[in-house]
Visitor: 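Right, I'll just put the structure down here and ask away after.
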Number of protein chains: 2
Amino acid sequence: MIARSELKKELINAGIRPSVQRLAIYEYVKSHHTHPTADVVYDALRDVLGSLSLTTVYNTLKLFVDAGLVQLLTIDDTFRCFDGDTTSHAHFRCDSCGRIVDLKIKSDFLAMVDGLGGFEIKEAQLYLKGICPICKRKN
Amino acid sequence: MIARSELKKELINAGIRPSVQRLAIYEYVKSHHTHPTADVVYDALRDVLGSLSLTTVYNTLKLFVDAGLVQLLTIDDTFRCFDGDTTSHAHFRCDSCGRIVDLKIKSDFLAMVDGLGGFEIKEAQLYLKGICPICKRKN
DNA sequence: TTTTATATTTGCAATGATTTCAGAAATGAA
DNA sequence: TTCATTTCTGAAATCATTGCAAATATAAAA
């Protein structure tokens, strides 16, 4: 868990004014590694904060993604979810339970791609899908 | 370009009855490596075939994806597109022109991921984003 | 502190890609 | 041909996401 004051500094350093809503949303995605959707963040924070608009959650998360503070995941084709961990790692989505799991990688994603001369790479995502160990044991 | 009769066989082998629409859609995604959306396929084929419904295109592409004949790409978070090439390769999406490019990979995606014990992997996608060589030269 | 300007939030309506659904058409079997 | 099943169609519905204009909060100036 990162301290609130530390998170506040990160927002300011990124040129983002740390409003009550923004700080709460930032704290949520940085402390929950569950890859929440905007809706999940909204449901979790609407009670904590006095009031909160779903639009604010969408706008704020987009702000964070554009600033490079948060990753946008499109591993599930029916909704977007967010990851406060911006270090390089892969994601696995279980076809059975829908859970999204972080996976460590051995080296940089780009190391395994050919013919990247001339390309400027700003982002890389490795998505794996299948059945997770928990669901596999159940069947 | 693959022969029509060959494509027909592939559909039958996958347990899919090769209707006129299905064969046309299958031929389109197998011969165009432009990663089209359902809408693009619809626009391209509605004139060729006498009539065609966008619903049919969506249903048919989903059918192909479920059968493993076609890949579904979610590299762009605002729409889904399709790739008739099911061999293992990476995709690059240019932030400037939106073009999606195929990239060769040096080895299997899974080789670089740690801690996959217990997971059953059915699908893997490596998405890269940034600026393509053509757009880079223009700026 | 008050005033003023600017940035942020809010709630609702609109958007647009995708899906559902029920009827129409095509296909295959008998 | 007749019947049963599959496939296709077009319009309506869905739902995550965004646009917008009004309301609120914040910061700077007076």
Visitor: Take atom CD1 of A:Ile121 as the centre, draw a 6.0 Å sphere, and report whether it contains more than 12 heavy atoms from other residues, nucleotides or ligands.
Guide: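 Result for CD1/A:Ile121: enclosed.
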Visitor: List, one per line, each side-chain donor-acceptor pair under 3.5 Å for residues 14-23 of chain A, sequence neighbours excluded.
Guide:
unit_1, atom_1, unit_2, atom_2, d
A:Ser19, OG, A:Arg22, N, 3.2
A:Arg22, NH1, A:Arg17, O, 3.1

Visitor: For A:Phe82, which residues count as a ring pair (Phe, Tyr, Trp, His ring centres under 6.0 Å) partner, sequence neighbours excluded?
Guide: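 Ring pair (Phe, Tyr, Trp, His ring centres under 6.0 Å) list for A:Phe82, sorted by chain: empty.
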Visitor: Where along residues 61-76 of chain B does a heavy atom fall under 4.0 Å from DNA chain D?
Guide: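 The stretch gives none, as no residue of it lies under 4.0 Å from the strand.
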Visitor: Rounded off to whole Å, could you give me the NZ-to-C1' distance for the A:Lys8 and D:dT26 pair?
Guide: 13 Å
Visitor: What residues, two or more places apart in sequence or in another chain, satisfy ring pair (Phe, Tyr, Trp, His ring centres under 6.0 Å) together with A:His33?
Guide: none
Visitor: State which residues pass salt bridge (Lys or Arg N to Asp or Glu O under 4.0 Å) with A:Glu123; sequence neighbours excluded, sorted by chain then number.
Guide: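 In terms of salt bridge (Lys or Arg N to Asp or Glu O under 4.0 Å), with neighbours along the sequence ignored, A:Glu123 is linked to B:Lys129.
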Visitor: Give the B/S/- string for nucleotides 3-13 of chain D, one per nucleotide from 5' to 3', where a protein heavy atom under 4.0 Å of the base yields B, of only the sugar-phosphate yields S, and otherwise -.
Guide: ---SSSBBB--
Visitor: Sequence neighbours left out, what passes ring pair (Phe, Tyr, Trp, His ring centres under 6.0 Å) with B:Phe109? Give chain and number order.
Guide: none
Visitor: Check every nucleotide of DNA chain C for an atom under 4.0 Å from a heavy-atom of chain A, then give the first and the last such nucleotide from 5' to 3'.
Guide: C:dA7 to C:dC12
Visitor: I'd like to check the ring pair (Phe, Tyr, Trp, His ring centres under 6.0 Å) partners of B:His35; sequence neighbours left out, ordered by chain and number.
Guide: B:His91
Visitor: Going by side-chain contact (heavy atoms from CB on, under 4.5 Å), name the residues that satisfy it together with B:Ile2, two or more places apart in sequence or in a different chain.
Guide: B:Glu6, B:Leu7
Visitor: Side chain to side chain donor-acceptor pair (under 3.5 Å): which pairs involve residues 46-75 of chain A, sequence neighbours left out?
Guide: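 Checked against side chain to side chain donor-acceptor pair (under 3.5 Å) - neighbours excluded - the pairs reaching residues 46-75 of chain A are A:Tyr42-A:Arg46.
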Visitor: Output every pair passing salt bridge (Lys or Arg N to Asp or Glu O under 4.0 Å) with a member in residues 95-104 of chain A, not counting sequence neighbours, ordered by first then second residue.
Guide: A:Arg93-A:Asp95
Visitor: Whole Å only: how far is the CZ atom of A:Phe79 from the C1' atom of D:dT14?
Guide: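 Roughly 16 Å, once rounded to whole Å.
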